[in-house]
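First comes the structure, then the notes that go with it.
As a basis for the values below, the full set of heavy atoms in this structure was taken, side chains included, without hydrogen atoms, waters or symmetry mates. In what follows, chains are A, B, ... by sequence order, proteins preceding strands, each numbered from 1. Every value quoted in this text rests on a predicted model; they were computed, and no experiment measured them.
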There are 2 protein chains.
Amino acid sequence: MPKVGMEPVRRKALLDAALRVIGDHGSLAVTMSDIARQAGVSPALAHHYFGSKEQLLIETIRSLLRQLRRDTVAALKAARTPRERLSAVIRVSFHADQFAPDTIAAWLAFYAEAQRSEETRRFLVIYAGRLRSNLLVDLKALLPTDAAERAAEGAAAMIDGLYIRQSLKSAPIGIAASIALTEDYLNALLSTPAP
Amino acid sequence: MPKVGMEPVRRKALLDAALRVIGDHGSLAVTMSDIARQAGVSPALAHHYFGSKEQLLIETIRSLLRQLRRDTVAALKAARTPRERLSAVIRVSFHADQFAPDTIAAWLAFYAEAQRSEETRRFLVIYAGRLRSNLLVDLKALLPTDAAERAAEGAAAMIDGLYIRQSLKSAPIGIAASIALTEDYLNALLSTPAP
DNA sequence: TTTTGTTGATTGATCAGTCAATCAAAAATA
DNA sequence: TATTTTTGATTGACTGATCAATCAACAAAA
């Protein structure tokens with residue numbers, strides 16, 4: 001079987017498999033065997049390439065974050081005005097890929113894990129900071145600084161909250177409605193001070 | 001040692017211990033031994049009274065929910081106008097007990113668990129429904145029905161979002177600021193349609 | 001003596017992680 | 001070109017640790 005140059009292929013397959021299995025299972029309490037089986041290799045190979053389960057998990061969240069950033073950068077590039085850019089940030093947050101049940105479950109699992117793993121928390125703090133900062137930079141063009149800061153906190157919280165509520169699967173709010181709610185929030189804040 | 005009537009004492013001690021250990025550890029992946037040790041009894045006793053780890057965990061979240069409802073009912077009783085009642089609901093959500101790091105970590109762990117455990121999800125759906133409904137009933141007195149419904153969804157999401165962001169412990173938003181953000185949101189929605 | 005409370009010891013299952021061995025492609029050599 | 005050697009890829013089998021769950025036994029109250 002062995003062909004040279006399999007390493008990147010296997011790494012990617014294992015990362016994808018990990019995300020899939022975690023999302024499916026809704027928890028980080030998945031076995032290396034589960035992940036390896038999903039990737040179509042032996043458990044030993046997963047250890048061979050990642051050293052430990054913890055490392056594989058950390059690489060998994062890192063890849064999740066990387067994907068989110070890619071999407072965000074792309075969406076921002078297409079937007080012109082500050083208001084458009086705000087909408088772009090919101091849209092990316094609720095993009096179908098991000099809003100898929102498996103992905104939501106995986107994020108949730110990582111939030112829980114962050115209570116224990118310093119490194120996992122670091123990554124989530126980075127995510128939270130980016131979201132806040134992406135919103136803040138454009139809000140500052142539309143509101144006084146302190147109002148902009150509060151608006152950024154509020155919008156970020158609402159996005160995360162809509163996200164987490166989605167994970168319960170009852171009363172599915174839906175992508176469009178989630179976007180609309182967040183937009184309404186910003187519209188209300190943007191129109192209130194200056195009628 | 002054995003005195004009659006220990007059962008309720010032990011049950012409560014074990015439930016408190018479970019909450020404590022889960023919050024401390026930031027995950028449901030705690031052992032019966034950990035919980036039993038925290039409660040000052042043997043692991044075997046925990047099984048004796050709860051039958052299984054899963055059952056103990058379910059009783060734990062049930063007690064968390066019971067406490068929240070008690071607080072909410074008490075807070076609502078003291079409020080007079082719809083607007084006051086809305087503030088009461090918000091205040092309870094961010095009450096010090098609920099906002100304690102251990103409690104937040106425990107809620108988070110249960111959210112993750114809900115992906116797997118049908119019964120855990122049921123409880124969280126009940127929580128989400130109550131929060132939404134508590135907000136909705138008073139919002140309907142202040143807004144048209146459809147606007148009230150959207151406001152209730154949005155406020156509930158923001159509350160949950162502020163909650164989950166708190167779990168990251170970086171950029172601690174704080175109780176007062178969290179309440180203020182949520183109040184601002186409602187104020188903006190309540191003032192926008194009628195300037 | 002019966003009942004209630006309690007535990008230590010044990011079991012069976014599950015898993016992360018290790019390791020020696022195997023296999024096939026690629027590179028070196030003849 | 002034909003061969004041998006080297007190297008990367010891969011796995012099955014195993015180990016050590018952990019843990020939920022069980023159970024037989026014991027202690028104290030009723």
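Between B:E7 and B:A44, the residue anchored closer to the 5' end of DNA chain C is B:E7, taking for each the nucleotide with the nearest heavy atom. Across the interface with DNA chain C, nearest-nucleotide mapping of A:P43 and A:D34 shows A:D34 to be the residue nearer the 5′ end.
Within the nucleic acid shown, B:T31 comes within 4.0 Å of sugar-phosphate atoms alone, with no base atom in reach, counting heavy atoms only. Across all strands, B:V9 comes closer than 4.0 Å to no nucleic acid atom at all (heavy-atom distances).
Atom CG of A:L28 and atom P of C:dC15 are 15 Å apart (whole Å). Note: CZ (A:R11) to P (D:dG8) measures 16 Å, nearest angstrom. Rounded to a whole Å, the NE2 atom of A:H47 is 18 Å from the P atom of D:dC14. Between the CG atom of A:L56 and the C1' atom of C:dG17 there is a distance of 14 Å, rounded to whole Å. In this structure, CG of B:L14 is placed 14 Å from C1' of C:dT7, rounded to the nearest angstrom. Separating the NE2 atom of B:H25 from the P atom of D:dT18 is a distance of 13 Å, rounded to the nearest angstrom. Between the CG atom of B:L57 and the P atom of D:dA21 there is a distance of 10 Å, rounded to whole Å.
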Might you work through the ring pair (Phe, Tyr, Trp, His ring centres under 6.0 Å) test for B:Y163 and B:F94, ending with a clear yes or no? CA-CA 8 Å; B:Y163 212 83; B:F94 296 114; 7.0 Å; no

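Contacts with DNA chain D (heavy atom under 4.0 Å) in residues 48-55 of chain B: B:S52, B:K53, listed by number.
Ion pairing of A:E183 with A:R83 is present here, as a side-chain N (NZ or NE/NH1/NH2) and a carboxylate O approach within less than 4.0 Å.
Rounding to the nearest 0.5 angstrom, the gap separating the CG atom in B:L28 from the CD atom in B:E54 is 10.5 Å. Atom CG of residue B:N187 and atom OG of residue B:S87 lie 8.0 Å apart, to the nearest 0.5 angstrom.
Heavy-atom minimum distance, A:V89 versus A:N134: CG2-CB, 4.0 Å. When every heavy atom of B:L108 is checked against every heavy atom of B:S167, the shortest pair comes out as CD2-OG, 3.5 Å.
Look at A:R10 and you'll find a side-chain N or O under 4.0 angstrom from OP1 or OP2 of D:dT10.
Between B:Y127 and B:W107, the angle of the ring planes lies from 30° to 60°, which puts this pair in the tilted group.
Looking at the side chain of A:L45, the nearest of the listed nucleotides D:dA21, C:dT7, D:dT11 is D:dT11.
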